[in-house]
Amino acid sequence: MGVGDEKRLRFGRKSRLRTGSDFGRVRQRGYRSVSGCLIANWLRQPAGAPSRLGVVTSAKVGGAVQRNRARRLLRECYRLHQHEFHGPLDLVLVARPAIAGKSRAQVEREFLTTVRKAGLLQ
């Protein structure tokens, strides 16, 4: 396999939802799936568009340290599985208070359960 053949596991600036209007559009027009410690909102995008991720953590999750850890865990789960989605989509993951204290493996398991239940993975 050549260097260009590998799927890159980067999560750069173009892979992120950044504006409030993007988050609002996904929430208003998209679909929703709830499972365990997270909520997934998604909206399919036209072919050729990049997939993008946004993460939301409220104060209910805990203090700043817990919220930042939750965001890192959810971004890492997406980064590792970003090439397994059916097509391009905007995905907003909302951390629920149950995420506090969970290991990366537990969060990844619940992330995969949620996106499989939603029919987003290949």
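Throughout, residue positions are numbered sequentially from 1 according to the sequence presented.
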From [X] [atom1] over to [Y] [atom2], what is the distance, rounded to the nearest 0.5 angstrom?
X	Y	atom1	atom2	result
Leu9	Glu76	CG	CD	8.5 Å
Asn41	Arg25	CG	CZ	12.5 Å
Glu110	Arg96	CD	CZ	9.5 Å
Ser33	Leu120	OG	CG	8.0 Å
Arg72	Leu74	CZ	CG	11.0 Å
Leu53	Leu89	CG	CG	9.5 Å

May I ask you to check whether Arg52 and Ser15 show a side-chain donor-acceptor distance below 3.5 Å?
no
May I have the step-by-step check of side-chain contact (heavy atoms from CB on, under 4.5 Å) for Thr19 and Leu17, ending in yes or no?
CA-CA 6 Å; Thr19 65; Leu17 289 173; over 6 Å; no
Would you call [X] and [Y] a side-chain contact if the rule is heavy atoms closer than 4.5 Å?
X	Y	result
Leu121	Leu112	yes
Cys77	Val107	yes
Lys14	Pro50	no
Ser35	Lys117	yes
Phe85	Gln122	no
Arg13	Arg18	yes

Could you state whether [X] and [Y] fall into the same hydrophobic cluster, counting links through intermediate Ile, Leu, Val, Met, Phe, Trp or Tyr residues with side-chain heavy atoms under 4.5 angstrom apart?
X	Y	result
Val61	Val55	yes
Ile99	Val92	no
Leu43	Val115	no
Leu38	Val34	no
Trp42	Phe23	no

Go through the steps for Gln82 and Ser51 under the test side-chain contact (heavy atoms from CB on, under 4.5 Å), then give the verdict.
CA-CA 8 Å; Gln82 64 186 335; Ser51 288; over 6 Å; no
How about CZ on Arg71, more than 12 heavy atoms from neighbouring residues, nucleotides or ligands closer than 6.0 Å, or not?
yes
How about CZ on Arg16, more than 12 heavy atoms from neighbouring residues, nucleotides or ligands closer than 6.0 Å, or not?
yes
Output, in order, the C-alpha distance, side-chain angles, deciding distance and verdict of salt bridge (Lys or Arg N to Asp or Glu O under 4.0 Å) for Asp90 and Arg44.
CA-CA 6 Å; Asp90 284 352; Arg44 298 231 182 249; over 6 Å; no
I would like to know whether Arg104 and Glu108 meet salt bridge (Lys or Arg N to Asp or Glu O under 4.0 Å); could you show each step before the answer?
CA-CA 6 Å; Arg104 188 189 67 80; Glu108 185 173 7; 2.7 Å; yes
Residues Ala49 and Pro88: closest non-hydrogen pair is O-CB, 3.0 Å
Do side-chain atoms of Gln66 reach the backbone of Gly63 as a donor and acceptor pair under 3.5 angstrom?
yes
Between Tyr78 and Phe111, does the ring centroid distance fall short of 6.0 Å?
no
